[in-house]
2 protein chains.
Amino acid sequence: MAHSHEAHHHERPRDLTRNQELVLTTLNNAEAPLSAYDILDKLRDDGLRAPLQVYRALEKLIEHGLAHRLESLNAFVCCADANCHGRASGTAAFAICSGCGRVDEFADPEVTARLAAWAGETGFALERTTIELRGRCAECRKAA
Amino acid sequence: MAHSHEAHHHERPRDLTRNQELVLTTLNNAEAPLSAYDILDKLRDDGLRAPLQVYRALEKLIEHGLAHRLESLNAFVCCADANCHGRASGTAAFAICSGCGRVDEFADPEVTARLAAWAGETGFALERTTIELRGRCAECRKAA
DNA sequence: TCGATAGCGTAATGTCATAACATATCGCCT
DNA sequence: AGGCGATATGTTATGACATTACGCTATCGA
Ligand SMILES: [Zn+2]
Ligand SMILES: [Zn+2]
Ligand SMILES: [Zn+2]
Ligand SMILES: [Zn+2]
């Protein structure tokens, strides 16, 4: 572990390609999750033309932990949890507001532990976990 | 609350229409989740012709707690947890095997409680929760 | 210099889901 | 019986999301 061989289990983030950079920036600038086609539309002026260009970039960003896919929305957000990349915080959970569309990423170690425990007892080899909460955020409730 | 006004918060399950019955039976007979189009194909001989007929039936079945949508799969399963309909067990979680495709429905009250607690602290009005685990089931691991 | 790996561009296609409109059926009140 | 609202249905067309297939290019180390 002595010489510079990269962090051992998680790519260093910053060797993004042009398309990946464009997509990540678009996600970063967005207030709410974007679908792949939303992203594509925003990047037409930068030369992107086909959905696949976006999907390929997203795939890498997600691999690197820089973005997440929201399954219940068929849309994508950039990662908001500094610890998430280093996976110190366990499985990420997402609270999605049906009012403003904003997404709050958080992690609860106890939840992670309980699900891992269930997997352990059951013999289920856990690879990936999706936790998505739908509802209305505090701000939208006040604005009601 | 004295006279017969139905159970107060959860419909009695058995007043399904023909289409709902057909779809539910199809899901019950399936070993793995089915997409709406899978269901449609299986029900062509029974007179179903359009996706919407299936989606409408699914919508009601899900409302009644007789079926669930798996967001990470865009597919549907029938509910496997007797308690689920009576909502005694809290939020349902699903373990989806990438080997055999089978789905295991379970509920962990502690997980439910932790997510509810997060929502409480944050002021998030929780309406619906999705928890989906991807991996390989014990049987598929043995068969490896 | 060669081959392997990764990324890129494009077209076509596949899969999932809903809008819009027209009918039909049932419970209920008059 | 007649009228009404609520719910379910059937059908067509369309929209939204995602992948397959193919060929080209850049990079890097043997
Ligand atoms: Zn994250
Ligand atoms: Zn909100
Ligand atoms: Zn259930
Ligand atoms: Zn399996």
Side-chain angles (χ1 to χ4, degrees), chain A residues 5-6 11-24 26-27 30 32-64 66-77 96 101 130 132 134, chain B residues 3-6 11-24 26-27 30 32-64 66-77 96 98 101 130 132:
Chain A
H5 200 80
E6 293 293 7
E11 222 73 5
R12 248 339 178 2
R14 287 301 132 74
D15 53 344
L16 299 180
T17 67
R18 168 178 157 82
N19 286 1
Q20 289 162 21
E21 201 79 67
L22 286 169
V23 168
L24 182 56
T26 304
L27 286 178
L34 297 176
S35 76
Y37 282 75
D38 291 339
I39 296 169
L40 177 57
D41 285 340
K42 290 182 187 294
L43 292 176
R44 299 244 182 231
D45 293 345
D46 297 283
L48 270 67
R49 293 155 184 264
L52 203 50
Q53 296 175 286
V54 174
Y55 281 109
R56 288 200 273 229
L58 285 168
E59 183 182 18
K60 289 305 174 190
L61 293 174
I62 291 169
E63 265 179 43
H64 295 172
L66 297 171
H68 298 285
R69 174 183 172 84
L70 300 176
E71 300 286 357
S72 66
L73 235 43
N74 293 333
F76 305 84
V77 286
I96 303 164
T130 299
E132 295 176 19
R134 308 296 295 271
Chain B
H3 73 311
S4 69
H5 200 82
E6 293 293 4
E11 223 73 5
R12 241 0 177 349
R14 286 304 133 71
D15 52 343
L16 298 180
T17 68
R18 168 177 157 83
N19 286 0
Q20 290 161 20
E21 200 80 65
L22 286 169
V23 168
L24 182 56
T26 304
L27 285 178
L34 298 177
S35 76
Y37 282 76
D38 291 340
I39 296 169
L40 178 57
D41 285 341
K42 289 182 187 293
L43 291 176
R44 298 243 182 232
D45 294 345
D46 297 282
L48 269 69
R49 293 157 185 262
L52 208 48
Q53 296 176 285
V54 175
Y55 280 109
R56 289 200 273 228
L58 285 168
E59 183 182 16
K60 289 305 175 190
L61 292 174
I62 290 169
E63 266 179 41
H64 296 172
L66 298 171
H68 298 284
R69 174 185 172 84
L70 300 176
E71 300 286 357
S72 66
L73 236 42
N74 293 333
F76 304 84
V77 286
I96 303 164
S98 54
T130 299
E132 294 176 19

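The chains referred to below are lettered A, B, ... by the order of the sequence lines, with proteins before strands, and numbering in each begins at 1.
What separates CD of A/E63 from P of C/dA6 is a distance of 10 Å, to the nearest Å. We find that CG of B/L34 is positioned 15 Å from C1' of C/dT15, with the value rounded to whole Å. We find that CD of A/E59 is positioned 11 Å from C1' of C/dG7, with the value rounded to whole Å. Nucleotide C/dC26 holds its C1' atom 13 Å from the CG atom of B/D15, rounded to whole Å. The distance from atom CD of A/Q53 to atom P of C/dG7 is 14 Å, rounded to the nearest whole Å. In this entry the distance linking CD of A/E21 with C1' of C/dG7 reads 15 Å, nearest Å. D/dC17 atom P lies 16 Å from atom CG of A/L52, rounded to whole Å. Atom CG in A/L58 sits roughly 12 Å away from atom P in C/dC8 (whole-Å rounding).
Within 4.0 Å of B/L48, counting heavy atoms only, lies no atom of the nucleic acid at all. Looking at heavy-atom distances under 4.0 Å, B/R56 makes contact with a base. Residue A/A36 is classed as having no contact, given no heavy-atom separation below 4.0 Å to the nucleic acid.
Close to C/dT10, at under 4.0 Å from its OP1 or OP2, lies a side-chain N or O of A/R49. Under 4.0 angstrom from either OP1 or OP2 of C/dA17 there lies no side-chain N or O belonging to A/N74. A close approach under 4.0 Å does not occur between any side-chain nitrogen or oxygen of B/S35 and OP1 or OP2 of C/dT15.
Once the 5.5 Å centre distance and the 30° plane angle are applied, the aromatic ring of B/Y37 is found not to be stacked with the base of C/dT15.
If you check the side chains of B/T130 and B/E71, you find no donor sitting under 3.5 Å from an acceptor.
Side-chain atoms of A/Y55 lie closest to D/dT19 of the nucleotides D/dA8, D/dA21, D/dT19. Distances were taken from every side-chain heavy atom of B/F76 (C-beta onward) to each of C/dG7, C/dA17, D/dA8; the shortest belongs to C/dA17.
Not a single donor-acceptor contact under 3.5 angstrom links the side-chain atoms of A/R18 to the base of C/dG7.
Ion pairing between A/E59 and A/R56 fails under the 4.0 Å rule for side-chain N and carboxylate O. Of the charged side-chain nitrogens involved, none lies within less than 4.0 Å of a carboxylate oxygen, so that A/R18 and A/E21 do not count as a salt-bridged pair.
Here the closest heavy-atom approach between residue B/A32 and residue B/G101 is recorded as CB-O, 3.6 Å.
Although no hydrogens or angles enter the test, the distance criterion places no donor-acceptor pair under 3.5 Å between the side chain of B/Q53 and the main chain of B/L48.
Between A/L73 and B/K60, the one whose closest nucleotide on DNA chain D sits nearer the 5' end is B/K60.
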